[in-house]
Every structure is written in structure tokens, then in C-alpha cells.
> 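Take a look at this one; I'll ask things after.
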Amino acid sequence: MSRRRRTNRDPGRGVARRSDAAPSHRRSRRLLAWGVPVLLVAGALLWAPARRAITRRPPPVSPAEADPLVGMSTEEALWTALELNRAGRDAASLPYFRRALHDDAVTDWQVHYNYGTALYNATLQIELRNGVPTYVVRSSWERIALVREAVRQLSLAEGRTHTARERATARAAYAQMVWLWGMPWDAFVAYRQAYSADPANQDLAVRGDGLMDLIRAPAPRGSTGPR
């Protein structure tokens with residue numbers, strides 16, 4: 001019989017090493033068994049609010065809803081501008097006037113006239129913000145730009161008038177505007193020009209004469225000028 005060779009490995013140690021490794025595998029399996037349900041529950045908890053946020057997302061806004069001027073006809077824009085103007089909402093009427101005048105077919109002097117007066121009135125418009133009276137157009141630079149454009153629009157309106165009365169109306173509006181902006185001489189000349197265009201309108205003569213009186217003898221502080 002051949003002798004079995006002895007080895008230096010201790011069978012006890014080998015068993016001991018295997019027995020030490022077994023609990024590690026069991027712990028891993030237990031952690032895996034607990035971890036998967038925990039992850040599933042956490043995922044469900046996170047998905048619920050995400051799903052609610054998705055379902056509550058507002059529907060997409062159409063271009064017409066985002067900008068009411070999109071698709072609006074010239075007639076609709078002009079009608080809306082005039083309605084806002086009559087309601088005293090001059091600043092809100094300006095985009096609609098611009099939309100109407102974007103159409104080259106609009107040549108009526110009154111559109112330019114109404115747009116010019118709305119531009120000017122917007123510089124004076126005041127609203128309450130947190131109980132404090134505030135200019136709707138806050139920036140002085142913006143107000144100056146609006147007045148400059150108002151003067152241009154009144155000039156366009158005057159150039160498209162057909163009668164002396166219409167020219168006088170446009171010129172008188174310019175006179176009132178420059179007077180309120182502190183240019184009495186320009187206002188006086190404009191009133192005189194308006195009266196020359198429409199001598200039947202004695203009110204224009206009275207306003208011009210009243211301005212000349214104020215230029216010669218300035219009124220006390222707070223005077224509103226000729227009416």
C-alpha cells in the first residue's frame with residue numbers, strides 16, 4: 001500500500017475559514033432582501049409627487065393667448081385701442097395703435113391724431129401702487145421718448161388732414177402739449193397757426209391771447225395756463 005502523503009494544511013483551520021465566510025454571505029443576502037423593498041418604496045414615494053406635478057402642469061399657451069395682438073386684424077386692433085383710450089387707459093392702448101398703424105392701408109389722419117394724444121396722455125397717467133400715486137411710465141427717458149413720438153404723430157396727422165378745421169384740431173393739440181411741457185412761445189405760435197387755419201374757432205384765438213398774457217405777466221405758481 002502506498003502511503004498517503006501528509007500535507008501541512010490543518011483541516012480544522014480550513015473548516016474554520018469556511019465557517020467564518022458563511023455569515024458574511026448571509027448578511028449580504030439579508031441586506032439585499034431588505035434593500036430592494038426599501039428602494040421600491042422610496043421610488044414610489046418619489047414618483048407620486050412627480051406624477052402629480054406632471055399632471056398639474058398647465059396646458060401649453062397658444063401664441064394668441066401669449067400675445068393678444070397675434071392674429072388680430074387691423075380693425076380689431078384699432079377698435080381695441082380706441083376703447084382703451086376712451087376708458088382712460090392710454091398706456092395700454094399704445095400697442096394696439098401700433099398694430100393698427102403697422103398696416104400701410106391705414107391713412108386716416110384721426111388714427112395718427114388719436115395715437116399721438118394717447119402717447120402724450122400716457123406720460124401723465126398715474127396709478128396707485130401699494131397706495132402710492134405713481135406714473136405708469138416711470139422713467140423720464142421713456143416719457144420724453146413718448147412725447148417726441150407724440151409730436152411726430154401729430155405732425156403726420158396734420159399732414160394727412162383734408163380740411164382747415166382738421167388742421168386746426170391737430171395744431172391745437174400740439175399747442176396744448178408743448179404748453180404743458182413748459183414751452184409757452186411754441187404753444188402761442190401753434191395756437192395762432194391753428195386759429196389762422198380755422199378763424200371761425202374763436203376759442204383758439206382766446207387760448208393764444210391768454211398765453212401771450214401769461215408770457216408778458218407770468219401767472220402765480222400752480223397756474224394751469226389757458227383753457
> Could you name each residue pair satisfying side chain to side chain donor-acceptor pair (under 3.5 Å) that touches residues 117-126, not counting sequence neighbours?
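Passing the test, one end in residues 117-126: no pairs.
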> What residues form a side chain to side chain contact (heavy atoms under 4.5 Å, CB included) with Asp108, not counting sequence neighbours?
Gln110, Val111
> Calculate, to the nearest 0.5 Å, the distance between atoms OG1 and NE2 belonging to Thr161 and His112 respectively.
11.5 Å
> Looking at every heavy atom in both Ala77 and Ala100, which two are closest together, and how far apart are they?
CB-N, 4.1 Å
> Quick one: do Leu78 and Leu82 satisfy side-chain contact (heavy atoms from CB on, under 4.5 Å)? Show the steps, please.
CA-CA 6 Å; Leu78 183 56; Leu82 292 174; 4.2 Å; yes
> If you define the side chain from C-beta out and look only at heavy atoms, does anything of Gln176 sit under 4.5 Å from Tyr191?
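Yes - at least one pair of side-chain heavy atoms lies under 4.5 Å apart.
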> Treating Ile, Leu, Val, Met, Phe, Trp and Tyr as nodes and any side-chain heavy-atom pair under 4.5 angstrom as an edge, say whether Val178 and Leu214 lie in one connected cluster.
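Yes.
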> Not counting sequence neighbours, which residues clear ring-ring contact (aromatic ring centres under 6.0 Å, His included) with Phe188? List them please.
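Here no residue qualifies.
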> Taking side chain to side chain contact (heavy atoms under 4.5 Å, CB included) as the test, write out the residues that go with Thr107, two or more places apart.
Arg160
> Please report the shortest heavy-atom distance between Gly116 and Gln153, naming the atom on each side.
CA-CB, 3.8 Å
> Applying side-chain hydrogen bond (donor to acceptor under 3.5 Å, both in side chains), name anything that partners Tyr174, two or more places apart in sequence or on another chain.
none
> Run the numbers on Arg167 and His162 for side-chain contact (heavy atoms from CB on, under 4.5 Å), then give the verdict.
CA-CA 8 Å; Arg167 286 193 294 275; His162 302 286; over 6 Å; no
> Report the residues that fulfil side-chain hydrogen bond (donor to acceptor under 3.5 Å, both in side chains) with Ser73, sequence neighbours left out, ordered by chain and then residue number.
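Listed in chain order: Glu76.
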> To the nearest 0.5 Å, tell me how far Arg192 CZ sits from Leu204 CG.
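Going from the CZ atom of Arg192 to the CG atom of Leu204 covers 10.5 Å.
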> Residues in side chain to side chain contact (heavy atoms under 4.5 Å, CB included) with Pro199, at least two apart?
none
> If you group Ile, Leu, Val, Met, Phe, Trp and Tyr by side-chain heavy-atom gaps below 4.5 Å, do Leu84 and Leu119 land in one group?
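In one cluster with Leu84: Leu119, no.
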> Between CD1 of Ile144 and CD of Glu149, what distance do you get to the nearest 0.5 Å?
14.5 Å
> How close do Ala157 and Tyr113 get, counting heavy atoms only, and between which atoms?
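Smallest interatomic distance, heavy atoms only, reads CB-N, 3.6 Å.
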> What heavy-atom pair brings Ala194 and Ala172 nearest, and what distance separates the two atoms?
CB-N, 4.0 Å
> Please identify each residue that fulfils side chain to side chain contact (heavy atoms under 4.5 Å, CB included) with Thr163, with sequence neighbours left out.
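Scan of Thr163 (side chain to side chain contact (heavy atoms under 4.5 Å, CB included), adjacent residues dropped) gives Arg165, Glu166.
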> For residues 83-98, which residue pairs qualify under salt bridge (Lys or Arg N to Asp or Glu O under 4.0 Å), counting only residues two or more places apart or in two chains?
Glu83-Arg86
> Please check if Val137 and Leu94 belong to a single hydrophobic cluster, counting links between Ile, Leu, Val, Met, Phe, Trp and Tyr side chain heavy atoms closer than 4.5 Å.
yes
> Among the clusters formed by ILVMFWY side chains lying less than 4.5 Å apart, do Tyr195 and Trp185 turn up in the same one?
yes
> Partners of Asp213 by side-chain hydrogen bond (donor to acceptor under 3.5 Å, both in side chains), sequence neighbours excluded?
none
> Which residue pairs pass the side chain to side chain donor-acceptor pair (under 3.5 Å) test with at least one member in residues 129-140, sequence neighbours excluded?
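For residues 129-140: Glu127-Arg129, Ser140-Arg143.
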> So, for Ala197 and Ala164, which heavy atoms are closest and what is the spacing to 0.1 Å?
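The answer is O-CB, 2.9 Å.
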> What pairs with Tyr115 under ring-ring contact (aromatic ring centres under 6.0 Å, His included), at least two apart in sequence or on another chain?
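Per chain and number, Tyr115 pairs via ring-ring contact (aromatic ring centres under 6.0 Å, His included) with Phe97.
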> On a heavy-atom basis, which atom in Ala118 and which in Asn85 lie closest, and how many Å separate them?
CB-ND2, 3.4 Å
> Check for me, please, whether Trp109 and Trp79 land in the same ILVMFWY cluster - side-chain distances under 4.5 Å, paths through other members count.
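No: no chain of side-chain contacts under 4.5 Å links Trp109 to Trp79.
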> To the nearest 0.5 Å, what is the distance between CD (Gln193) and CG (Asp198)?
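Here the rounded value is 14.0 Å.
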